[in-house]
Peer 1: 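Structure below; questions to follow.
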Amino acid sequence: GTIIPVATIHSEKGFVFHVFPNDHQPAHVHVVKGGTEMRIDVSGDEPEPIALRGKERMSDKQINQALDIAEDNYSKLQHGWRKFHDPSN
């Protein structure tokens with residue numbers, strides 16, 4: 001298969017926030033920490049979790065931490081998505 005490049009937008013407290021340049025709408029970031037992963041919707045006014053099922057799911061505590069970091073860095077995360085997905089940018 002094709003290797004898809006990943007763009008890291010932010011990292012903090014072991015959480016790494018990234019986007020895939022060829023990813024789908026709505027605007028979202030992938031958050032990885034220690035083998036677990038979640039996605040956060042960044043299309044609106046505040047970050048919203050997108051539930052991931054399976055063994056890679058973060059604990060509720062980690063999800064809340066990731067959302068707090070996303071809220072503190074929201075414009076940065078939105079800009080990171082738009083950089084790859086907004087043709088006017």
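What you are looking at is a predicted structure, and each value in this text was computed from that prediction instead of being measured.
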Peer 1: Heavy atoms only: give me the nearest G80-I9 pair and the separation to one decimal.
Peer 2: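 Heavy-atom minimum between the residues: CA-CD1, 3.5 Å.
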
Peer 1: Report yes if some heavy atom in the side chain of Q62 is under 4.5 Å from a heavy atom in the side chain of Q65; otherwise report no.
Peer 2: yes

Peer 1: Calculate, to the nearest 0.5 Å, the distance between atoms NE2 and NZ belonging to H10 and K76 respectively.
Peer 2: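 It is 5.0 Å, given to the nearest 0.5 Å.
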
Peer 1: Quick one, F17 and N73 - any side-chain contact, counting heavy atoms below 4.5 Å?
Peer 2: no

Peer 1: Please verify the inter-ring angle class for W81 with H85; under 30° counts as parallel, over 60° as perpendicular, anything in between as tilted.
Peer 2: parallel

Peer 1: With sequence neighbours left out, what residues match S43 under side-chain hydrogen bond (donor to acceptor under 3.5 Å, both in side chains)?
Peer 2: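 If we apply the side-chain hydrogen bond (donor to acceptor under 3.5 Å, both in side chains) test to S43, skipping adjacent residues, the hits are D41.
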
Peer 1: How about V6 and H30: do any of their side-chain heavy atoms sit closer than 4.5 Å?
Peer 2: no

Peer 1: Measure from the side-chain N and O atoms of Q78 to the backbone N and O of G44, and report whether any donor-acceptor pair falls under 3.5 Å.
Peer 2: yes

Peer 1: What's the shortest heavy-atom distance between F84 and V19, and which atoms?
Peer 2: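 The pair with the smallest heavy-atom distance is CD1-CG2, 3.7 Å.
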
Peer 1: Same cluster or not: L77 versus L67, using hydrophobic residues (I, L, V, M, F, W, Y) connected whenever any side-chain heavy atoms lie under 4.5 Å apart?
Peer 2: yes

Peer 1: Check M38 against P49 and note the closest heavy-atom contact, atom names and distance.
Peer 2: CE-CB, 3.8 Å

Peer 1: What residues, two or more places apart in sequence or in another chain, satisfy side-chain hydrogen bond (donor to acceptor under 3.5 Å, both in side chains) together with N64?
Peer 2: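 In terms of side-chain hydrogen bond (donor to acceptor under 3.5 Å, both in side chains), with neighbours along the sequence ignored, N64 is linked to no residue.
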
Peer 1: Which residue pairs satisfy the salt bridge (Lys or Arg N to Asp or Glu O under 4.0 Å) criterion with at least one member in residues 14-38, sequence neighbours excluded?
Peer 2: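 As it turns out, there is no salt bridge (Lys or Arg N to Asp or Glu O under 4.0 Å) pair with a partner in residues 14-38 once direct neighbours are skipped.
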
Peer 1: Examine V16 and V29 and state if one hydrophobic cluster contains both, with Ile, Leu, Val, Met, Phe, Trp and Tyr joined whenever side-chain heavy atoms are less than 4.5 Å apart.
Peer 2: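 Each belongs to a different hydrophobic cluster.
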
Peer 1: Could you list all the salt bridge (Lys or Arg N to Asp or Glu O under 4.0 Å) pairs where at least one residue sits in residues 61-71, not counting sequence neighbours?
Peer 2: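 Listed by first then second residue: nothing to list.
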
Peer 1: Taking only residues two or more places apart in sequence or in another chain, which ones pass salt bridge (charged side-chain N to carboxylate O under 4.0 Å, His left out) with D45?
Peer 2: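 For D45 there are no salt bridge (charged side-chain N to carboxylate O under 4.0 Å, His left out) partners, ignoring immediate neighbours.
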
Peer 1: Looking at side-chain heavy atoms only, is the closest gap between M58 and V31 below 4.5 Å?
Peer 2: yes

